[in-house]
Amino acid sequence: MLAKTRDHPEILFPEIDINLYKPNNPVEVPVVENKIATREISPNIIRHISFDVTGTLLERNIRTGQSIGIIPEGFTEADGKPAKVRLYSVCSPERGEDGQGKIIATTVKRVIEEDVENRNLFLGLCSNYLSNLNPGDMVKMTGPSGKRFVLPENAGDFNYLFFATGTGIAPYRGMVLDLLEKGIDNPIALIFGSPYQTDLLYYDLFRELAEKHGHFHYLTSISREGRRPDGSKNYVQYQIKDSRDLLDPILKQKNTLIYVCGLKGMEPGLYQMLAQEGYGEYLRISEDIAGKPPREWDRDDLKKKVRPSGRLFLEVY
Ligand code: NAP
């Protein structure tokens, strides 16, 4: 086999510990802080919640991109059984919030929905449990989980495009801080989608990082403050066209990796845009549709015949 050149480096995945604490043996840790993570107070309530994992197996042992599990103690599922574990991406860099890997944080959106037909209110069980916690409250935690949505061991060999919608930005807060603090000076672009300007998450942090580091680019796509000329919403994938001057030279490099995190719905639109704009190499496209222009791909094509290549990592729900 030919050795890969630096232009097309092999992606070395790190050895990672998972499930040090399982749902049947969770660890109990205190909440340290619970604060708003949006740019301004907004009806879209998203909080940055941190925990002290000092002295547990989680201390210094969480890779950026991994998740922790939370068991909402004292709550029951709809069937009356005790509430099960829910996963949340860790948003801290590897050094933690404190520089020593003792304090880790996650990004939680309060799920509050109304059934418009019958006006029933739905409150997300775990997101509201977490959002109501105060410093000092104890939480049952599991994890870490996730092995593949992490930075490569040889992180400095790559450029990065991070696409996020909403709380999908959580793993990138840690990843961007890790990359910049390690002095990696390859191009990194974070493309973040939120409904309104007020909902931009960790806005001051990313804006300051972009001002300080010329190779880190922070782009935002606001979906509900106007429409595109064709009437569609301004979603993250349009940055591939709109910010072509910046993104094309990065996308063309053989050592660029794309990470996608957030709403499941962003997957087909992003794939279609990548293929349409000439970046099909980030995808595995079935031979069945190889001759069909990406613009004409239907839902079925996108669901069954287009997959990420080894250079695109996906975590969507
Ligand atoms: P949100 O506020 O509902 O949406 C964020 C932005 O994405 C909005 O501007 C929204 O536009 C836009 N959007 C909606 N549909 C889209 C589409 N098809 N393509 C592109 N953009 C689209 O997001 P959220 O409520 O925070 O939800 C975040 C999701 O990320 C949750 O499902 C969560 O489970 C997931 N998540 C996953 C991980 C992980 O896998 N590790 C970590 C964290 C979060 P409009 O609403 O105006 O249409």
Side-chain angles (χ1 to χ4, degrees), residues 16 18 36-40 42-49 62-70 85-92 104-113 122-128 130-131 143-151 161-175 190-203 219-228 231-242 258-274 276 297 299 302-303 308 312-317:
I16 298 187
I18 57 166
I36 288 292
T38 49
R39 184 177 178 188
E40 287 175 35
S42 157
N44 207 7
I45 305 164
I46 306 180
R47 309 189 73 89
H48 176 83
I49 306 176
I62 296 187
R63 285 269 178 172
T64 36
Q66 284 194 293
S67 300
I68 46 163
I70 300 288
V85 67
R86 267 78 167 169
L87 298 184
Y88 291 88
S89 282
V90 173
C91 67
S92 314
I104 59 164
T106 184
T107 316
V108 180
K109 175 175 171 176
R110 272 193 194 273
V111 176
I112 307 172
E113 285 162 9
F122 171 78
L123 296 179
L125 191 155
C126 196
S127 68
N128 281 288
L130 278 170
S131 301
S145 62
K147 276 190 166 188
R148 282 291 176 260
F149 200 79
V150 294
L151 294 172
L161 292 191
F162 295 124
F163 287 91
T165 46
T167 52
I169 201 165
Y172 303 144
R173 177 177 175 272
M175 288 180 181
L190 170 64
I191 299 135
F192 177 56
S194 72
Y196 300 99
Q197 296 275 349
T198 48
D199 303 327
L200 290 169
L201 287 164
Y202 305 114
Y203 174 76
L219 305 175
T220 58
S221 299
I222 306 297
S223 60
R224 300 192 195 174
E225 294 180 7
R227 295 271 172 165
R228 300 186 61 79
S232 59
K233 281 187 168 182
N234 199 26
Y235 284 162
V236 281
Q237 61 266 32
Y238 288 106
Q239 293 284 1
I240 293 170
K241 271 189 194 188
D242 297 350
I258 297 182
Y259 288 67
V260 181
C261 190
L263 294 166
K264 182 143 187 60
M266 71 193 287
E267 191 183 345
L270 186 63
Y271 289 177
Q272 198 158 17
M273 184 65 75
L274 282 169
Q276 221 169 276
W297 289 350
R299 284 167 68 121
L302 281 158
K303 208 169 158 194
L312 190 152
F313 305 98
L314 188 69
E315 277 238 336
V316 289
Y317 286 101

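Both ligands and their constituent atoms are indexed starting at 1 by order of listing.
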Output the list of atoms in ligand 1 that are nearer than 4.0 Å to some heavy atom of Tyr317, sorted by atom number.
32 (O), 34 (O), 37 (C), 39 (C), 40 (O)
Which atoms of ligand 1 have any heavy atom of Gly166 under 4.0 Å away?
5 (C), 23 (O), 26 (O)
Ligand 1 versus Met266: contacting region, heavy-atom distance under 4.0 Å:
both
Going by the angle between their ring planes, with limits at 30° and 60°, are Tyr172 and Tyr259 parallel, tilted or perpendicular?
perpendicular
Is there side-chain contact between Trp297 and Gln276, with at least one heavy-atom pair below 4.5 Å?
no
Report the part of Ser221 (side chain from C-beta onward, or backbone N, CA, C, O) that has a heavy atom under 4.0 Å from ligand 1; answer both or neither where that applies.
neither
Atom 39 (C) of ligand 1 sits nearest the protein heavy atom Glu315 OE1, 3.2 Å
Nearest-neighbour protein heavy atom for atom 38 (C) of ligand 1, which is reported as residue plus atom name and distance
Cys261 SG, 3.6 Å
Nearest-option assignment for atom 26 (O) of ligand 1, heavy atoms, candidates Thr167, Thr107, Ile222
Thr167
Got Val108 and Ile70 here, is their nearest side-chain heavy-atom distance under 4.5 Å?
no
Considering distance alone, does some N or O of Thr165 sit under 3.5 Å from an N or O of ligand 1?
no
Under 4.0 Å from one or more heavy atoms of Lys233, ligand 1 contributes atoms 45 (P), 47 (O), 48 (O)
To which of Leu263, Val90, Leu314 does the heavy atom nearest atom 27 (O) of ligand 1 belong?
Leu263
Does Gly269 come within less than 4.0 angstrom of ligand 1, counting non-hydrogen atoms of the residue?
no
Keeping the roles fixed (side chain from Tyr88, backbone from Ala105), state whether a donor-acceptor pair exists under 3.5 Å.
no
Going by heavy atoms in the side chains, are Val90 and Ser67 under 4.5 Å from each other?
no
Any nitrogen or oxygen of Lys109 lying under 3.5 Å from a nitrogen or oxygen in ligand 1? Just yes or no.
yes
Taking the side chain as C-beta and beyond, is there a heavy-atom pair between Tyr202 and Leu190 under 4.5 Å?
no
Contact check: Gly265 vs ligand 1, nitrogen or oxygen atoms, below 3.5 angstrom
yes
Any ion pair linking Asp242 and Arg228 (charged N to carboxylate O, less than 4.0 Å)?
yes
protein heavy-atom neighbour closest to atom 11 (O) of ligand 1 works out as Ser223 OG, 3.0 Å
Donor-acceptor check, side chain of Thr107 to backbone of Ala170, threshold 3.5 angstrom: yes or no?
no
Counting only heavy atoms not in Lys233 (residues, nucleotides, ligands), do more than 12 fall under 6.0 Å from its NZ?
yes
Do Leu274 and Ile240 have side chains that get closer than 4.5 Å, going by heavy atoms?
yes
Write out the residue and atom name of the closest protein heavy atom to atom 6 (C) of ligand 1, then the distance separating them to 0.1 Å.
Gly193 O, 3.4 Å
Do ligand 1 and Gly262 have nitrogen or oxygen atoms that lie under 3.5 Å from each other?
yes
May I ask you to check whether Pro195 has an N/O atom sitting below 3.5 Å from an N/O atom of ligand 1?
yes
Would you check if Ile45 and Ser131 make a side-chain contact, meaning some heavy-atom pair closer than 4.5 Å?
no
Consider only side-chain N and O atoms of Tyr238 and Ser232, and report whether a donor and an acceptor are under 3.5 Å apart.
yes
What part of Tyr235, side chain from CB on, backbone N/CA/C/O, both or neither, has a heavy atom under 4.0 Å from ligand 1?
side chain
Where does Ala170 meet ligand 1, judged by heavy-atom distances below 4.0 Å: at the side chain, the backbone, both, or neither?
neither
Hey, is Arg224 touching ligand 1 through its side chain, its backbone, both or neither, going by heavy atoms under 4.0 Å?
side chain
With backbone taken as N, CA, C and O and side chain as the heavy atoms from C-beta onward, which portion of Gln237 lies under 4.0 Å from ligand 1: side chain, backbone, both, or neither?
side chain
Please write down residue, atom name and distance for the protein heavy atom closest to atom 42 (C) of ligand 1.
Ser89 OG, 3.3 Å
Quick one: does Cys261's side chain get under 4.5 Å of Phe162's, heavy atoms only?
no
